[in-house]
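Report on the following structure.
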Amino acid sequence: MDAAHLEKLAADFTLESPLNRVVMEQSGEALTLFDPPLLGYASAVDPLFEAFLAPGVIGPHYRPPRQWLADARTVISFFLPFSQAVRSRNRAARSVPSQAWLYGRVEGQRFVEALTLHLQKALRDAGFETVAPSLSPEFWTVSEPETEDGPAFTSNWSERHAAYACGLGTFGLSRGLITRRGMAGRFGSLVAAWETPPTPREYRSHYEWCIRCGACIRRCPGKAISLERGKDHHLCLAYQTVILPQCRPRFGCGLCQTGVPCEAARPLFR
Ligand code: SF4
Ligand code: SF4
């Protein structure tokens, strides 16, 4: 098992799996959710994973790779870019996300999990123990503070931070991760007792690929993003709660990830 083989498995599964296709009940239209993924790799003992423990980065509740798998060698991160069909429909949205985006958010997450399990099985079949932290019973996430002092909008494993460590890209003002295929998509990851060369990180700081153009600020109907503070998770959640009746049985927004220069590519400074 080498990285090229793993990448082919991931691409083939994305192209062939029926889970990557939906028929939207509102319109009867069939839709492919994702293009084939980008994969990146980091050493499980990369010092960055320890740096994520710092307060203000993720925090001491974060679990580095070897707390998920004691003999972990590699963290594998993947980014599944939303298809042109999903992105273009949300680009046209002004206050409520498109149905295509909502399917991508909810049914898309099921596909992310299916791809994660597919890669996990392939690695295990090849003899390498593998854990998917976000599918582990030990994974937790909080979208609101449990107490006044409790952590908010955090978790003990972060897909975006894993992707950053694995060379896939840097954060944007809207707090998504900008990859060379943009920000509009979903992330997944695995920790494995499998060794492969790390993907070079073509950046030195965590916001390097964001050009601070402010387009995501203008796109956000919840006024949740500012140049000074980035994204305010409380305002974002409040807005998504307001529009929930129009989105049910799904949820989401993602207007800040579409109709912006970082939607489907790494934006360039002019
Ligand atoms: S829209 Fe512009 S400011 Fe916002 S995250 Fe993308 S590149 Fe950064
Ligand atoms: S920050 Fe939240 S409310 Fe604003 S566009 Fe993005 S997802 Fe929507």
Side-chain angles (χ1 to χ4, degrees), residues 33-34 38 57 79-82 84 86-109 112 141-145 152-155 158-161 163-164 167-187 201-270:
L33 298 175
F34 295 112
L38 301 176
V57 182
F79 173 66
L80 279 160
F82 279 132
Q84 163 75 4
V86 171
R87 288 186 286 104
S88 64
R89 282 162 178 78
N90 217 48
R91 215 179 294 144
R94 292 290 172 267
S95 56
V96 176
S98 64
Q99 281 300 323
W101 186 269
L102 294 170
Y103 272 85
R105 182 78 178 72
V106 175
E107 278 76 0
Q109 188 57 32
V112 170
T141 181
V142 280
S143 55
E144 283 185 278
F153 303 105
T154 190
S155 52
S158 163
E159 299 297 4
R160 289 172 306 131
H161 286 78
Y164 175 75
L168 287 181
T170 83
F171 294 86
L173 190 68
S174 60
R175 297 285 193 260
L177 198 93
I178 303 172
T179 73
R180 58 189 161 82
R181 287 291 315 275
M183 177 189 283
R186 306 292 295 167
F187 290 90
R201 287 194 286 267
E202 295 169 354
Y203 36 81
R204 280 161 296 171
S205 67
H206 54 288
Y207 284 118
E208 194 167 310
W209 288 6
C210 174
I211 59 173
R212 292 180 69 80
C213 61
C216 51
I217 300 174
R218 297 186 287 280
R219 278 286 283 160
C220 176
K223 303 199 181 323
I225 308 172
S226 66
L227 271 180
E228 299 73 30
R229 294 191 314 276
K231 175 166 138 180
D232 181 320
H233 291 284
H234 292 89
L235 289 175
C236 173
L237 182 66
Y239 184 75
Q240 293 194 47
T241 305
V242 167
I243 60 172
L244 190 57
Q246 293 153 275
C247 300
R248 278 195 176 117
R250 295 175 182 80
F251 59 90
C253 172
L255 267 68
C256 55
Q257 296 184 21
T258 49
V260 293
C262 58
E263 174 188 305
R266 176 185 167 184
L268 297 174
F269 289 94
R270 288 179 197 279

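Counting starts at 1 for both ligands and their atoms, in listed order. Every value quoted in this text rests on a predicted model; they were computed, and no experiment measured them.
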In the protein, what heavy atom is nearest to [atom], and what distance, to one decimal place, separates them?
atom: atom 5 (S) of ligand 2; answer: Cys256 N, 3.3 Å
atom: atom 8 (Fe) of ligand 1; answer: Cys210 SG, 2.3 Å
atom: atom 2 (Fe) of ligand 1; answer: Cys213 SG, 2.3 Å
atom: atom 6 (Fe) of ligand 1; answer: Cys262 SG, 2.4 Å
atom: atom 4 (Fe) of ligand 1; answer: Cys216 SG, 2.3 Å

*asked:* Please check if the number of heavy atoms outside Gln84 that lie under 6.0 Å from its CD is greater than 12.
replied: yes
Quick check on contacts: which atoms of ligand 2 are under 4.0 angstrom from a heavy atom of [X]?
X: Lys231; value: 1 (S)
X: Ile225; value: 1 (S)
X: Cys253; value: 3 (S), 5 (S), 7 (S), 8 (Fe)
X: Cys220; value: 1 (S), 3 (S), 4 (Fe), 5 (S)
X: Pro221; value: 5 (S)
X: Gly254; value: 7 (S)

*Could you check Val142 against Thr154 for side chain to side chain contact (heavy atoms under 4.5 Å, CB included), going step by step and ending with a plain yes or no?*
CA-CA 6 Å; Val142 280; Thr154 190; 3.8 Å; yes
*If you measure from each non-hydrogen atom of Gln257 to ligand 2, which part falls under 4.0 Å: side chain, backbone, both or neither?*
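Neither; nothing of Gln257 gets under 4.0 Å from ligand 2.
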Can you give me the closest heavy-atom contact between [X] and [Y], atom names plus distance?
X: Thr258; Y: Ala184; value: CG2-CB, 4.5 Å
X: Ala224; Y: Leu235; value: CB-CB, 3.7 Å
X: Thr179; Y: Trp209; value: C-CZ3, 3.9 Å

_Using only atom types and a distance under 3.5 Å, with no angle test, would you say the side chain of Arg105 pairs donor to acceptor with the backbone of Cys253?_
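Absent.
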_For Tyr164, is there any backbone N or O sitting under 3.5 Å from a side-chain donor or acceptor partner on Tyr203?_
yes
_I'd like to check which ligand 1 atoms, numbered from 1 as shown, lie under 4.0 Å from a non-hydrogen atom of Gly172._
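Those of ligand 1 that fall under 4.0 Å from Gly172 are 5 (S).
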*State the atoms of ligand 1, each with its element, that fall below the 4.0 Å cut-off from a heavy-atom position in Val260.*
1 (S)
*Nearest 0.5 Å, what's the CZ-CH2 distance between Arg89 and Trp101?*
13.0 Å
*To the nearest 0.5 Å, what is the distance between CG (Leu244) and CZ (Arg250)?*
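Here the interatomic distance stands at 12.5 Å.
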*Should the pair Phe171 and Tyr207 be assigned to parallel (<30°), tilted (30 to 60°) or perpendicular (>60°) ring geometry?*
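Because their plane-to-plane angle is over 60°, the rings of Phe171 and Tyr207 count as perpendicular.
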*Give a yes/no on ligand 2: does Pro97 have at least one heavy atom closer than 4.0 angstrom to it?*
no
*Do any heavy atoms of Ser174 fall under 4.0 Å from ligand 2?*
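Not so, Ser174 does not reach ligand 2.
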*asked:* Counting only heavy atoms closer than 4.0 Å, does ligand 1 sit against the backbone of Ile211, its side chain, both, or neither?
replied: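 Both the backbone and the side chain of Ile211 come within reach of ligand 1.
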